[in-house]
Every structure is written in C-alpha cells, then in structure tokens.
Amino acid sequence: MNSHRQKPFIPWLLIALFMAISVCSIILGYLYYMNQKKELLSDMQTELSAITDLKVSQIIQWKNERIANALMLGDFSPFAEGVADYLKNREDNNLRAATANNLKMLARRNDCRAALIIDTVGNILLSEPNQDRKEYFYMKELMPGLMSMGRTVLTEIYGTDKTSKVHLNLMIPVRDTKDKDKTIIGFLALKIDPRLTFFPLVQTWPVPSRTAESMLIREDNDQIIYLNETRYWKNQQELLRRPAGAEKLPSAMALQGIEATTEGIDYRGNNVVAAMKKVPDSNWYLVSKIDHKEVFSVLDRQMTMIIIIITLFILATGLILGIIEWNENVRFYREKYEAELDRLALRKHFDYILKYANDIIFLTDNDSVIIEVNDTAVEMYKYSREELIGMSLTTLLAPGSLNKMSEEKKIIDSRGQATFEIFHRRKDGTFVPLEVSSRKVEIEGISYYQSICRDITERMLAEATLRQSEERLRKIFEESPLSIVITGKDMEIFKVNPAFCRMTGYLERELKEMSFSSFILDDHSAEDKESLKQLIDGEILVFHTEKRYLCKDKSVIWGSTTMSVIHDNIDDVNYFIAMIEDITMRKQAEAELDNSFSLIKATFESTADGILVVSKEGRIVQYNHKFMEMWKIPPEVMESEEDEKVVEFVMNQLVAPEEFVSLVKQHYSSHEEVTSELLLFRDGRVFERYSQPQKIAGKSVGRVWSFRDITEMKKTEADLIAAKEKAEESDRLKTAFLHNVSHEIRTPMNAIIGFSALLNEPNITDDERRQFIDIIFNSGSQLLSIINDIVDIANIESGQVKLNMGEMNLNTTLRKLGEQFRYKEQDAGLSIKLITGLSDEESIIVTDSTKLVQVLSNLISNAIKFTKEGHVEFGYQYKNEFIEFFVKDTGIGIPQEYHDRIFDRFFQVDNVVSRKFGGTGLGLSISKAYVEILGGKIWLHSRPGEGTVFYFTIPCKTKTSAAV
Ligand code: ADP
C-alpha cells in the first residue's frame, strides 16, 4: 500500500499520444486521397485521350465515305453530263426542268437536305427543294478556292442564326466534257444535314456517363464556334460561341495547338478534365471532356468512408486512452480510500491499545509530571485519572526507588530509552513491582517521556516457584538410586548423577569427557538410531532397551535403560536423558530360568504320554504335542488357552462323556488328590489318565494331567484271553472227539470182531449166519463212514478239497437220495417227504453232485436221528439264481445258544439223543465247509421240542449258464 501516492497530473503523455495518433491518421487519409485522386485523374486522362482519338478517326472515315460517294456523281457520270448540258444551255427550259427533276431525285436518294447547281462564281442556278439564296452567302467566297482545287470537297460548316440551319455542303465540280481542258463550268452542291449522321457520330460517348461529351469546334474571327449541339447548349437559336483567348477553356487550348489531356474550365464555367485533338485536313478540333465532379465522385464516396473510419479510429483511440486514464484515477482513489481506512483502523487500534492495554502507559514531561495515563494506570494505582494527571511521578515511587529512578532517567536522556525494574506504590499504600520500558519522545519540539510499565508480580512469584522446583529436581537427580545421565544431541555426557558414577566406577569429571555410547557393549546402534529418530520426531515419548554396560574395572553389568528427550522452547531437541537400572542380578536369574525351562520343555516333548497343565483358574498353562495328537485337538482350540473349551471339544470322543466331565470337575475341586482312571473311547481306544496337583511353595496352583494310550495293551490282553479260551475249548472238544471216536469205532469193531467169531460157531443156523453177516456189513459201513468223515475234515483243513463240477439232474438225484432213506421210515416210524421246486426238465444243473449229495445226506441223517416221531421233509426251491435247499424235521430241536457253535468241529449238543446215537460232531462242519466251497451259505431255524430246519444255498448254474 502506498499511502503517499499523489493525485496524477493532467495526462499530457496520453493527450500527446492521442494528438499524434489523430494527426498521423489524418495525414495518412489525406495521402491516400491524393494518391487515389492522382490515379483516377491519370486513368480518366488516358480514357479521354483514347476516346478523342477514336472520334477523330471516325470523323475522317465519315468524311472520306461522303467524298467517295460524291465522286460517283462527278466528272464523267451521266448525271454530271446532264448538269454540264444545263450549265451550257441555261435558257433551255426543258433541260432546266429535267435537271431540276434529276436534282430532286438526287436530293431524295442521298439523304440530302437539298441539291443545288452553282455557277463558278457562286450563284445558285437551281436548287431542289428551293433554297433561300441568302443562306448561301459564303459560296462566292468559297468559289475561287474550289475552282483552284478542282476536286470534290466537303465545305466548312457554316452556321446561320439558327443552329437548325447549319450548312455542310459536298461540292462536286461539273466539267465541260467536250472541252479540251475539261474546264469547270459549275458545281453540283449536296447540302448535308450534319445532325442526322455526323453530329451523332461526334456526340455519342462509348461508355455511360452523366457529364462526358465531345464537341467539334473551329475558330472564326477570334471566336470559337461549337459546331455541334452540346449537352448543355441544346435547341438554341445560335451556335455556341466563346472567345478564342478564354483562359483555362479546353477549346481555346485546342486552338492554341495544345493536345495533352488537361484540367480546365468548360463553356459552362465548370471544372472539367478534357482531351483535344485537331481533325486532320480541316479547321475542326475535337474536344472531349468530362466533369471534374463525375471523375472524382467515386473518390468522394470513398473519402466519406475514410473520413468516417478515421474519425471512428480517433474517437476509439480517445476512448481507450480515456478509459486508461479513468482506470488510473479509479485506482488512485481506491488506494487513497484504502489508505484512509487503514489509517483510521490504525488510529482506532492505537486508541484501543491505549485504553485497554494490559500495561500501564504514562506520558511525563521533563519534570516527571504526568501528562497522560491510560485506564490500566487508573486501575492499577487506584487514583482517579484527574488525580494522576498533573501528579509528579516521584509520588508513585516506593520508598528507596527514587535514586534508581533518577539514574535511569539519566540513561534515558543519554541513550534515548531504557528498560529497568522498579517498585511503585498504590494509593492504598501497597507496593507493586514493575518492569518499565521508557523512551524519550519529541512532540512539537518539546521532550516527553513515554513509559510502558508491566506488573511483574506474577512473574516474580513464578520465578521463585521455579527456583524451588529446580531445587527439588536437583535433589531427586542427585539422590536417585537410578543412574541418570544427561547427554547432548551427539551423546556426549553433559551431566551424571552419583548413582551412575557408583554403577560405572568413574568420577563425574571423568565421565564428562566421555560419550554415553562408549559404555555400551551390545551393538544395537541401528535399532537405537531408529528409536532415537522416533523420539526426536515426537512419535514416541520414551524408548526402553536393555543393554550391557562396561564399567571402569572392566566388569559388565546389565542396565535397563529408558531414554527420553528435553525439547527447547521451539521444539528442537536439546538433551537426551537416560535412566539406567542395574538389572544384572535379574538377568542372571532369567538365564538360569531359561535353562531349566528348556530342560522341562524338552522332557515334556520327548515323553510318550500326552501332558496338560491347567491353572487353578482353568487356564491352560502348558501342554505337549503328544497331548494334541492323542486327543486330535486342532491348534486353534489350544490357542484359546481355556481348559473348558478343550474338555468340550474332546468329551464326545468318549463312550461316557458326562461321566468324564463330572470326573474332571471333581478332580479340579479336590486340589490335593492324585487320581488315576481309564477312559474308553467310542473308536475303541483306551487311555489311562493320571492327574496330580501342581504345587508352588507347597500350595496347589493347578493340576497336571497325563494320558497314556493303552489300547494296544488292552487288545493284546483280550487276544491272549481269547486264545487261551479257544485252546481250552479245542482241547475239550478233542478229548470229546477222541472219546467219541474211540466209542464210535470200538462199537462197530466190537460187533465185527464178535459176530465174525460167532460165524465160526458150528451150530448156528443159516438165518443166524445171514443176520450176523448183515451186522458185520453195517458195522463196516459205519466204520467206513466215520473214517470218511475224518478224512474229509482233514482235507478241508489242509485246503486240499477240489471241486468236481458236472451236470446233474437235481430231481432224479434227490429222489434216489429219498429212496436210500426210505427204509428208515419203518424203523423210526417216520414219514420222509421230498419237495422239488423245479420240473424235471428244468432241474438239470451244473455242480459238484457228490458234495451236494453228501451235505444233504448229512442233514437228512441228522434230521432222522433227532426225530422220534413226526416227519422229515427235504427239497429245494429256486430263488434269485440260487437254489435254496431245506431239510426240516419235527425232532428235538436245538437251543438258541448253540446255533452258532453246532457248525464247529467236534461240537455236539450235550443231550440224551446225542449220547444215545453217538456221532463225531463233524457232519455239520463238513457240510458248512462244502456249502461255502460251492459258493453258498448254511443256516438254521430251530426251537427245542418243535423241530429244526436247516437251509443252505448253492449258485444255480444251469446247463446253459455254465456253458457261457
Ligand atoms: P453228529 O455226528 O454228532 O451228529 P453233527 O455235526 O452232524 O455230528 O451234529 C452235531 C450236533 O448237532 C449233533 O450232535 C446234535 O446234537 C446236533 N444236531 C444236528 N442235527 C440236529 C437235528 N436235526 N436236530 C437236533 N439236533 C441236531
């Protein structure tokens, strides 16, 4: 802001610029006009000169044509001869009449106004139509000339009083043909009216123009006669005349022989541009002219436009310059206005400061009399404003401050200003400490003292508080059991406390020459630098590290170090504070603890048992991987560290989950108990669980659980028991078998031996012998059957049984089998019935028929053996590509508990019938083995006392399917 800006002067520069632009524009316009004018004039002069030349040549051509036409009438033409005859015999009336007649024709034919015959002295002898002789006054003068030329000529144009009677004659000499010299005896004159063909030729202008015209002139007695009618001299009584010496008149110039195109003043007195030329072989001059006004009319129109444009340009320039000037003025006044506003604001601000300033402001004169004070002073001293003004400043000084005041006044007088502290006294007698800034000022040539005083009571109090606080801090620093080091930004030690000296063994003065980093053993410089940077940037308030420090005696101690920064007033880092706690003992204890912990951990992991340690609060304290593996617990469950979650996760794996949960709870509640139990899993596993309390200083803090997987052990145990039982059973069966076999063999053997001996008796009858032989035969068969059974079972067990597949008719075979047992019907009082499931044709199958028959025989003989009365049915039916055989009896039946075992080798139900009928206990086991070898299975339905049905199946291989 420029508050001293002056109002601008009259803008001479702009005005000069405007004038210069205007003058230049006008000069340029004028030059352009002059140039255009010159060009236009030059163009017009060329045009006029060309037109004049054209007209002159047309006139010559017209004249020549007229003379050529006249030649045909002259000399030896019949017409001329007729005229010559008349001239020679003028009195001959016939001739006169004939010639007059000829003249009439001639005048009509040649577009002449009249045809005349003139004698050699100029008298008109004949004229057709009849002419006023006086009008031809010039003939007499002409004659001598005509006579001497002796050829056809065109006369001058002679004007009369009336322009309509302008004379232009074609003079044709008439000669006496009979005369030797051919003397001219008269003239035939054809009066031509120039207005018909000649003047239009002169007057027509080749281009459209409002003022241009051509004029034919000639001189006559110092006068210029305008032969043709002009644009502005029409239908007049007389021909136009002007003096030959008229100035600037183009026609006059023509007579003077000037032929150049020039500017002049025409017969009307108007400015014109004209071109002049003499018509050769005549006294005529052709003058062509055009009005100056017309020539320059285009230029005048252009000039109007140019003047308008220049005027507009000048106006526009003036306007722009005016706007620039106006803008300048606006800016000037705006700045002036803003400066005024600022000044007012400053003034207001100053008044405000004076009124409301927190500081006391005085103005005193040279005698220390108060001239002006502000409101704060009134408030501070409790005097009214009126009381203060005029009061001596010394009244306000506290006792003892007068000397100081006069000293300071001297300083102000010499240096112009001073700042000092002094005590003042209020009206109520209380004292106030002030900080005074006093300055000498000149107001209208008189020196005054302006003092600004600040109440520094609070500051003094604060300083005292600060001193106390500093003292306290110093005490803390000095007496702290923690080592404290204050370093500069470069880590150079600045201050240490006694604890640090004790810890390191150095003296304070030694330390002050060292760097804090020189104690540090571990190289964590990169991490430390990063942390220090964060500390400096204010991202962290402190950072903590544990480092090893090297003491003066080369011993190493561990220190827990906390670093922080002290900022100065503008947030720059001034100092670092390090507080170090000696943790050497703790570190040693930790190392030992780590060692034992790793030992425990290794032991924990290397045991084959799963181990879990749970705190009293139910938090998982420790576990090994074996534990997770055994219980199939995912890591996330373990990571929850809650035993409750683990129990929840595993409980469903157990056969009795509720019991498990309640036992766990019970063990937790009895803190001292040592427990052991078995856990049965649904998947068959068995765990042995031990638990005992974990104690610290004899107090239970949790419980240690250990689990051992004893599934394999239990299984081996069970297998051993089963094997033992099986061996015992087999031993028993074998004993029974041996017992049976010996019984079964001994019985028929005894019969064979006994009855064979009886056969040798001499006194036996034939019937008796036959009976004995039967008995011996049956016993032999029984013996063979037993031996066969034993051999079969031995083959089966050694896996040597081979199938002998062949085609058989089932119905036929079963019928034969039924027949074999028929004899038993009477013996046992039973009926035996066969039921076939297929027709005879359908019943051809492929199987090992021997084995099938053996199975059926075994079953049928057992049925008959164990049925006292009733009936035995056997047969088969076709079921789903299998043939299901059955053997049904109404015998003693077999109790349910033996159903599984009767197919075992040597097994027999222990009952009266078995004991009575004997048997080896092999029949059913052989049958079962054969059925299974044939691809089927065997089972039974039986109830004691109701009878038994044995079923077995074999695959139904018919003839066709077997072939396939
Ligand atoms: P055994 O030579 O003793 O008959 P088996 O193996 O044929 O040997 O039979 C075993 C046992 O099954 C028999 O001792 C008998 O107790 C019982 N048993 C077999 N078939 C029948 C049946 N139809 N009715 C009752 N008990 C039977």
Side-chain angles (χ1 to χ4, degrees), residues 729-730 732-748 778-779 781-797 817-818 821 824-825 827-834 851-875 885-932 937-952:
E729 169 76 0
S730 141
R732 197 186 59 75
L733 286 173
K734 228 177 276 172
T735 313
F737 169 73
L738 286 174
H739 186 259
N740 269 356
V741 167
S742 60
H743 172 76
E744 289 293 315
I745 294 171
R746 205 178 293 131
T747 308
N778 281 338
S779 298
S781 305
Q782 208 179 333
L783 206 56
L784 187 66
S785 145
I786 291 165
I787 288 161
N788 277 343
D789 274 1
I790 291 167
V791 171
D792 283 349
I793 204 84
N795 279 339
I796 288 164
E797 291 216 333
L817 194 63
F821 287 101
K824 294 260 181 182
E825 279 184 326
D827 289 0
L830 287 169
S831 67
I832 296 170
K833 200 175 164 193
L834 166 68
K851 291 195 175 61
L852 176 63
V853 169
Q854 196 177 338
V855 172
L856 280 167
S857 300
N858 276 343
L859 295 175
I860 294 167
S861 21
N862 274 351
I864 293 168
K865 190 158 75 176
F866 294 103
T867 306
K868 216 170 167 195
E869 58 188 9
H871 56 264
V872 170
E873 277 176 17
F874 73 101
F885 291 90
F886 66 90
V887 178
K888 187 181 174 187
D889 64 59
T890 54
I892 60 167
I894 304 163
Q896 184 69 35
E897 66 261 35
Y898 300 122
H899 283 195
D900 284 342
R901 295 169 63 193
I902 55 165
F903 293 104
D904 289 350
R905 281 175 294 149
F906 312 123
F907 185 83
Q908 287 180 311
V909 177
D910 186 15
N911 57 30
V912 185
V913 184
S914 300
R915 280 195 296 277
K916 184 181 159 196
F917 290 102
T920 51
L922 288 175
L924 283 180
S925 65
I926 291 166
S927 300
K928 186 175 187 252
Y930 281 175
V931 167
E932 283 170 1
K937 56 179 186 176
I938 186 164
W939 70 100
L940 76 154
H941 290 159
S942 181
R943 277 182 182 211
E946 286 182 13
T948 307
V949 191
F950 277 94
Y951 297 96
F952 71 93

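Ligands are counted one by one from 1 in listed order, and the atoms in each one are counted from 1 as well.
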Just which atoms of ligand 1 are under 4.0 Å from any heavy atom in [X]?
X: Ile892; answer: 25 (C)
X: Leu922; answer: 6 (O), 8 (O)
X: Ala863; answer: 23 (N)
X: Phe907; answer: 10 (C), 11 (C)
X: Thr948; answer: 24 (N)

Just distances here: any N/O of [X] and N/O of ligand 1 closer than 3.5 Å?
X: Gly921; result: yes
X: Lys865; result: yes
X: Gly923; result: yes
X: Ile894; result: no

> For atom 12 (O) of ligand 1, which candidate among Leu924, Thr890, Leu859, Ile926 holds the nearest heavy atom?
Replying inline: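 Shortest heavy-atom distance from atom 12 (O) of ligand 1: Leu924.
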
>> Arg901: which residues meet the side chain to side chain contact (heavy atoms under 4.5 Å, CB included) condition with it, sequence neighbours left out?
In response: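 Once residues adjacent in sequence are excluded, the partners of Arg901 under the side chain to side chain contact (heavy atoms under 4.5 Å, CB included) criterion are Glu729, Arg732, Asp904, Phe907.
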
> Do you know which two heavy atoms are closest between Leu817 and Ser857, and how far apart they sit?
Replying inline: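 Taking Leu817 first and Ser857 second, the nearest heavy atoms are CD1-OG, 3.5 Å.
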
> Would you say Leu859 and Phe952 make side-chain contact, with heavy atoms under 4.5 Å?
Replying inline: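 Touching, per the 4.5 Å side-chain cut-off.
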
